[in-house]
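We name chains A, B, ... by the order of the sequence lines, and we start the count at 1 in each one.
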Amino acid sequence: MAPEELAAIEAEDEGDDRTLPDLPNADDYEEVRMRAAPNPNGPWHIGHARMPAVIGTYKEIYDGSFVVRFDDTDPETKRPDLDAYDAILEDIDYLGFEPDEVIRASDRVETYYDHAREVIEMGGAYTCSCSGEAFSELKNDGEPCPHRDKDAETTREEFEAMVDGEYASGEMVLRVKTDIEHKNPALRDWVAFRMIDTPHPREEASDYRCWPMLDFQSGVDDHLTGVTHIIRGIDLQDSAKRQRFLYDYFGWEYPEVVHWGHVQVDAYDVKMSTSTIKAKIDAGELDGWDDPRAPTIKSLRRRGIRGSAIVDAMLELGTSTSDVDLSMTAIYSNNRDIVDDEAARYFLVREGERFAVEGGPEAGHPAIHPDHEDRGDRTVPAADGVVVEPDDVPAEGERVWLKGFGCVRREGDSLVHTDDSIEAVRSGDVDVIHWAPAEDNVSVRMRTMEGDVTGVAEPDFADADADEVVQFERLGFVRVDGQNGDESVVYWAHK
RNA sequence: GCUCUGGUGGUGUAGUCCGGCCAAUCAUAUCACCCUCUCACGGUGAUGACCAGGGUUCGAAUCCCUGCCGGAGCACCA
């Protein structure tokens with residue numbers, strides 16, 4: 001390849017990467033390292049794709065790395081789902097990224113305890129038995145609680161008692177001492193550890209009762225795993241500020257932070273929230289995480305949406321702090337680009353109306369792909385009658401062009417072959433429609449976001465393999481899911 | 001109430017730091033037309049935005065002020 005061509009291609013590649021803004025101060029670090037810190041309480045919804053899309057792409061741009069860290073430190077309120085760990089890793093893989101490391105916070109509890117002990121030694125934390133409400137009241141007035149000037153020795157003992165599980169849930173917490181008069185009430189003496197009676201679902205962690213809160217756990221882990229750039233939602237904006245107090249005690253330098261706004265996705269009736277989706281599945285309103293009506297990554301995958309179509313749409317959102325609406329049409333448009341050239345064409349007729357065919361050839365032979373003649377054509381038998389969609393049925397005496405077969409005129413319950421040439425179509429006099437044989441066709445169940453649609457496809461559709469994306473001409477793209485009894489099941493992707 | 005933070009076409013985004021090249025970029029969307037034995041793909045064109053009002057300036061999407069609207073945090077959730 002000529003050097004000019006090579007350069008042109010490289011320039012093009014760079015252009016593609018320019019969709020994301022530069023990371024702050026990336027040059028100050030030897031290697032850019034990021035992390036995704038999901039809570040494993042279920043498979044991912046579409047919004048979750050943003051994290052791997054963005055940090056995975058930054059990893060490519062900066063030749064950096066990222067770690068997936070499961071922040072599973074709440075066995076009760078955000079109880080981890082044991083299947084979700086792998087489900088999430090699968091979703092990341094499908095999106096086209098590979099983490100450099102995978103860790104679980106619940107494996108690292110001793111590390112958090114050790115760091116808590118260090119902070120206690122420094123006088124940077126105290127055990128507190130105030131009720132949440134009582135502390136909140138004092139805090140909002142900028143008043144310290146009576147436990148605040150406890151000596152380190154007492155705190156140490158009480159913290160060890162917490163670690164040993166000697167308190168019940170709600171009886172004792174460990175607070176990080178910040179500034180009780182800080183003008184932002186959200187930053188005042190936050191809770192670092194609390195007691196939880198419910199055992200962790202992972203057996204390896206089921207003996208722990210004293211669990212760190214996100215700000216402590218995440219703060220310690222980010223440092224220990226060498227994270228240079230934290231990317232996360234605006235809901236955690238104050239987290240960085242809280243964690244800085246901790247970093248100050250340890251003498252650590254806080255990573256660079258990028259906060260982005262929330263993502264809404266249009267086109268779904270179901271709210272994009274793991275708990276909502278889970279509730280609908282449990283209630284039987286959805287068939288599972290990959291139900292076409294569920295706004296999940298698994299659902300898009302089953303519908304034949306490629307991971308990179310989702311990733312590109314996410315990258316186009318950038319990382320602005322304002323909330324954004326992601327339009328599904330952006331994902332569909334990306335997917336169409338990927339899939340169109342490859343997808344074989346077939347006919348599917350919904351609610352077909354049957355007509356006899358008089359005259360003409362035995363069968364029609366439309367192309368498998370209009371842009372690739374070398375891929376051959378299909379055989380759609382016509383002699384034993386055909387079905388067409390109600391909207392396509394011509395009025396009595398009117399003509400219509402059965403694609404790949406020829407021109408016919410309606411005469412009662414028959415379609416009579418005419419000798420019109422393709423000029424009839426080119427001149428705009430006759431519409432081209434799709435059709436299927438009335439006999440020897442393939443029953444199809446098409447699962448869509450609005451519910452199931454049934455119909456019959458031409459016999460050659462039986463050649464389509466499971467997992468293949470095909471286009472039903474004039475309808476849209478679907479992914480072939482498999483056979484269910486004598487029905488072929490497909491999932492609707494998009495027009 | 002306190003504290004953060006944001007507002008560019010239907011949607012997303014570029015430009016905002018360092019005012020003029022911005023009568024505002026690109027994509028998507030919608031609508032036309034062309035191509036076509038698909039309403040796909042491709043091509044051409046059109047539609048459509050700087051939250052509002054003041055101020056500074058020769059000049060403001062960009063700087064300042066006020067207002068309006070939005071989002072987030074103030075959890076023993078993440």
Nucleotide nearest A/S327 when distance is taken to its side chain, options B/G71, B/U11, B/C74: B/U11

Which is true for A/I422 with a 4.0 Å heavy-atom rule: it touches a base, it touches only sugar-phosphate, or it touches nothing? base

Between A/E76 (CD) and B/A75 (C1'), how many Å, whole number? 14 Å

Please confirm whether the shortest side-chain N or O distance from A/T73 to OP1 or OP2 of B/A78 is below 4.0 Å. yes

In terms of side-chain heavy atoms, does A/Y254 have a donor or acceptor partner in A/D222 at a distance below 3.5 Å? no

Round to a whole Å and report the spacing from CZ of A/F159 to P of B/C76. 17 Å

Rounded to the nearest 0.5 Å, what's the gap from OH on A/Y491 to CZ on A/R479? Could you check? 8.0 Å

Classify the angle between the aromatic ring planes of A/F461 and A/F472 as parallel (below 30°), tilted (30 to 60°) or perpendicular (above 60°). tilted

Checking salt bridge (charged side-chain N to carboxylate O under 4.0 Å, His left out) against A/D189, which of A/K139, A/R148, A/R242 comes through? A/R148

Are A/R194 and B/A78 close enough that a side-chain N or O sits under 4.0 Å from OP1 or OP2? yes

For A/D337 and B/C41, what is the distance between atoms CG and P respectively, to the nearest whole Å? 8 Å

Name the orientation class of the two ring planes belonging to A/F159 and A/Y113 (parallel below 30°, tilted from 30 to 60°, perpendicular beyond 60°). perpendicular

Could you tell me whether the side chain of A/K403 has a donor or acceptor atom within less than 3.5 Å of a complementary atom in the base of B/C37? no

Send over the distance from A/H369 NE2 to B/G42 C1', rounded to a whole Å. 11 Å

Nearest-angstrom distance from the residue atom CG of A/L475 to P of B/U38: 14 Å

Out of B/A40, B/C37, B/G73, minimum distance to the side chain of A/P185 belongs to B/G73

Closest listed nucleotide, where the reference is the side chain of A/W401 and the choices are B/G12, B/A72, B/C37: B/C37

Do any side-chain nitrogens or oxygens of A/R336 fall under 4.0 Å of OP1 or OP2 in B/A29? yes

Need the pair for B/C2. Rule: Watson-Crick or G-U wobble, both distances under 3.5 Å, any strand; none if unpaired. B/G73

Check whether the side chain of A/E316 and the base of B/U28 form a donor-acceptor pair under 3.5 Å. no

Under 4.0 Å, counting only non-hydrogen atoms across every strand here, what does A/C130 touch: a base, just sugar-phosphate, or nothing? base

Please report, rounded to the nearest Å, how far the P atom of B/C2 is from the NZ atom of A/K139. 15 Å

If you measure from the Lys or Arg side-chain nitrogens to the Asp or Glu carboxylate oxygens, is any gap between A/E473 and A/R345 under 4.0 Å? no

Return no unless some side-chain N or O of A/R345 is found under 4.0 Å from OP1 or OP2 of B/A40. no

Nucleotide opposite B/C17 in a Watson-Crick or G-U pair, distances under 3.5 Å: none

Partner of B/A52 by Watson-Crick or G-U wobble geometry, both contacts under 3.5 Å, or none? B/U66

As a test of reading the structure: which of B/U38, B/A29, B/C76 is closest to the side chain of A/V173, going by heavy atoms? B/C76

Separation between the P atoms of B/C51 and B/A46, rounded to whole Å: 25 Å

B/C4 phosphate, OP1 or OP2, under 4.0 Å from A/K183 side-chain N/O: yes

Between B/C74 atom P and A/I180 atom CD1, what is the distance in whole Å? 15 Å

Return the value, rounded to whole Å, for the distance between atom CE of A/M172 and atom P of B/C76. 15 Å

Partner of B/G45 under the Watson-Crick or G-U wobble criteria, both distances under 3.5 Å, comes out as B/C31

Under 4.0 Å between a side-chain N or O of A/R426 and OP1 or OP2 of B/U36? no

